[in-house]
Amino acid sequence: MRLTVLGACGAWPEPGSASSGYLVEYDGFRLVLDLGYATMPRLPGPVDAVFVSHGHPDHCADLNPLLRARALSADPPLPLPVYALPGALDAVLALDRPGMLDDAYVLHELTAGEPFRVGPFSASTRLLPHFVPNAGIRLAAGGRVLAYTGDCGPNPEVVALARDADLLIADATHLGGVPLDDLGLLSGPRDAGRQAREAGVRHLLLAHLWPGTDHRAAVAEAAAEYPGRIGVAVPGLVVTPG
């Protein structure tokens with residue numbers, strides 16, 4: 001299993017960066033987790049499936065240009081399997097005229113908690129607390145496990161999702177504490193570190209940091225709770241879980 005970070009900025013992309021998007025590859029299959037602002041141009045080639053954690057545009061806006069490129073191709077590829085919670089993609093799929101993108105994708109609406117397969121990956125999701133329904137995902141293939149929270153507040157379901165994972169990509173939006181307006185619905189590096197420790201994960205990758213966040217300070221805050229390997233998700237970073 002191989003992970004390539006396309007982008008990981010929270011809310012909007014910093015100059016030269018991108019919002020949330022991750023390419024996960026195994027045995028030639030290429031699955032994208034989220035497609036936020038400016039992620040589509042960073043894809044290093046065709047993809048086989050897309051999973052979207054929730055409907056906020058910094059996690060799904062670039063699904064539109066990806067599907068446009070397929071629909072308007074002179075030699076259109078097969079419809080792209082897209083996985084999401086019911087209704088999560090209604091807004092982004094409605095950006096074009098009715099019917100324009102219909103042949104470019106097949107939408108699989110998920111029931112959180114039910115296992116499913118995406119290519120060679122065994123997958124499961126859990127509902128995690130956010131402003132809108134958000135599905136964290138757990139992927140297993142080749143004896144390796146990757147967990148991704150999307151955006152969420154601290155919750156025992158995060159620990160269950162990430163139990164004994166080789167890699168956890170965790171929401172760590174707010175350095176120094178979560179503001180009152182976001183309390184329970186977004187996390188900070190300390191929350192990510194504590195939950196990684198409780199879950200027994202091998203490698204923690206901090207994600208969705210607020211633009212302008214000091215990455216070294218975020219790692220230090222997470223390290224106060226988690227003694228394992230810690231990194232920050234930045235565009236172009238490649239990780240092999242395990």
Side-chain angles (χ1 to χ4, degrees), residues 1-9 12-13 16-112 114 116-125 132-137 139 141 146 148 150-151 169 207-208 233 235-239:
M1 192 187 297
R2 170 187 167 102
L3 171 83
T4 302
V5 178
L6 307 175
C9 277
W12 71 90
S17 190
S19 293
S20 297
Y22 305 88
L23 174 65
V24 186
E25 300 173 86
Y26 179 75
D27 198 24
F29 191 91
R30 296 156 64 86
L31 168 65
V32 176
L33 308 180
D34 284 347
L35 273 166
Y37 303 119
T39 54
M40 187 264 192
R42 295 172 182 271
L43 285 170
V47 300
D48 298 298
V50 170
F51 167 85
V52 175
S53 62
H54 65 287
H56 281 160
D58 57 325
H59 290 259
C60 68
D62 270 24
L63 181 62
N64 175 261
L66 179 64
L67 296 183
R68 273 187 154 226
R70 298 171 76 91
L72 300 176
S73 170
D75 184 18
L78 293 173
L80 179 69
V82 178
Y83 299 81
L85 293 172
L89 300 180
D90 288 356
V92 71
L93 292 175
L95 288 174
D96 277 299
R97 67 178 183 272
M100 176 178 166
L101 303 178
D102 286 359
D103 293 337
Y105 70 97
V106 176
L107 180 60
H108 301 273
E109 293 191 324
L110 303 171
T111 299
E114 290 188 359
F116 61 103
R117 291 198 67 84
V118 184
F121 297 102
S122 297
S124 61
T125 59
V132 298
N134 171 80
I137 189 167
L139 298 171
L146 177 155
Y148 170 54
D151 294 354
I169 309 167
H208 202 256
L237 176 68
V238 176
V239 178

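Residue numbers count from 1 along this sequence. Just so it is clear, the values below take in all heavy atoms, side chains as well, and ignore hydrogens, waters and symmetry mates.
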Taking C-beta and beyond as the side chain, do [X] and [Y] meet within less than 4.5 Å on heavy atoms?
X     : Y      : result
Leu93 : Leu63  : yes
Leu89 : Val82  : yes
Leu67 : Asp96  : no
Pro57 : Tyr37  : yes
Tyr83 : Ile137 : no

Has Arg117 got a side-chain atom pairing as donor or acceptor with Pro120's backbone, closer than 3.5 angstrom? yes
Return yes if some donor-acceptor pair links the side-chain N/O of Arg30 with the main-chain N/O of Pro46 below 3.5 Å, else return no.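 Flag set: sc Arg30 to bb Pro46 pair under 3.5 Å.
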On a heavy-atom basis, which atom in Ala61 and which in Val92 lie closest, and how many Å separate them?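 The answer is O-CG2, 3.9 Å.
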When rounded to the nearest 0.5 angstrom, what distance separates CG in Leu6 from OG1 in Thr4? 7.0 Å
Does atom CG (Asp102) have a neighbourhood of more than 12 heavy atoms from anything else shown, all under 6.0 Å? yes
side-chain hydrogen bond (donor to acceptor under 3.5 Å, both in side chains) between His208 and Asp58, intermediate numbers included: CA-CA 10 Å; His208 202 256; Asp58 57 325; 3.1 Å; yes
CA sep, side-chain torsions, deciding dist, call: Val24, Tyr148, side-chain contact (heavy atoms from CB on, under 4.5 Å): CA-CA 11 Å; Val24 186; Tyr148 170 54; over 6 Å; no
